[in-house]
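The structure appears right after this line, and notes come after that.
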Amino acid sequence: MFAAKVYSEISKIPPGRVSTYKAIAQRLSTKAYRAVGTALKRNPDAPRVPCHRVVCSDGSLGGYMGSMNSSLKVSLLAAEGVFVKDGKIVDFSQKLGGRNAS
DNA sequence: CGCTTGACACCGT
DNA sequence: AACGGTGCCAAGC
């Protein structure tokens with residue numbers, strides 16, 4: 001199941017780190033970033049998979065459940081150490097590269 | 001089984 | 001640089 005692989009990748013995302021749909025799709029050797037979101041949208045393993053750590057390639061949060069709980073994502077990410085400014089993740093590129101913010 | 005929709009991404013204006 | 005339209009892959013109906 002393609003989606004199962006997606007959940008697996010997302011589960012691999014460590015705290016304080018974020019990933020993009022495109023990155024995950026690419027990680028699965030596919031370009032179906034749309035399918036990644038489609039699978040998460042249904043969210044068969046809602047609390048099991050940190051889907052809130054998955055954002056757009058632009059650094060925007062994208063959506064969550066119904067595309068209106070974006071504020072919830074911000075709160076969850078903030079709890080992980082990933083803050084959001086102006087609708088975009090702070091030091092987004094750094095969190096993608098896994099580099100120290102210092 | 002076939003068409004439509006969808007938590008995105010990229011190119012063009 | 002910002003906004004809009006189109007494209008890709010898979011799941012849902």
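In what follows, chains carry the letters A, B, and so on, assigned in the order in which the sequence lines appear, proteins first and then strands, with residues in each chain numbered from 1.
A sub-4.0 Å separation between OP1 or OP2 of B:dC8 and a side-chain N or O of A:S57 is absent.
Look at CD1 on A:I24: it is 17 Å from C1' on C:dC8, rounded to the nearest Å. Separating the NZ atom of A:K5 from the C1' atom of C:dA11 is a distance of 15 Å, rounded to the nearest angstrom. Atom NZ of A:K31 is separated from atom P of B:dC11 by 12 Å (rounded to the nearest Å). Following rounding to the nearest Å, A:Y64 (OH) and B:dA7 (P) show an atom-to-atom distance of 15 Å. Atoms CZ (A:R34) and P (C:dC8) sit 12 Å apart, rounded to a whole Å. Straight-line distance from the CZ atom of A:R42 to the P atom of B:dA7: 9 Å, rounded to whole Å. The interatomic distance linking A:L72 (CG) with B:dA7 (C1') rounds to 13 Å, in whole Å. The nearest whole Å value for the distance from the NZ atom in A:K88 to the P atom in B:dC8 is 14 Å.
As judged by a 4.0 angstrom heavy-atom cut-off over every strand, A:A32 is placed among residues touching the sugar-phosphate backbone only. A:F2 comes within contact range of the sugar-phosphate backbone alone, with a heavy-atom separation under 4.0 Å but no base atom that close.
Remark: the backbone N or O of A:Y7 is paired with a side-chain donor or acceptor of A:S11 at under 3.5 angstrom.
Each of A:T20, A:V49, A:I13 was compared with A:V54 under the side chain to side chain contact (heavy atoms under 4.5 Å, CB included) criterion, and only A:I13 meets it.
Nearest-nucleotide positions on DNA chain B place A:L61 closer to the 5' end than the other of A:K22 and A:L61. Residue whose closest nucleotide on DNA chain C sits further toward the 5' end, between A:Y33 and A:T38: A:Y33.
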Checking side-chain contact (heavy atoms from CB on, under 4.5 Å) for the pair A:F2/A:V36: CA distance, chi angles, key distance, verdict?
CA-CA 8 Å; A:F2 159 81; A:V36 177; 3.9 Å; yes
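The A:T20 side chain lies nearest to B:dA9 when the options are C:dA10, B:dA9, B:dA7.
Looking only at side-chain heavy atoms (C-beta outward), A:S60 and A:V55 stay at 4.5 Å or farther from each other. In this structure, A:K73 and A:C51 have side chains that are not in contact, with every pair of non-hydrogen atoms separated by 4.5 Å or more.
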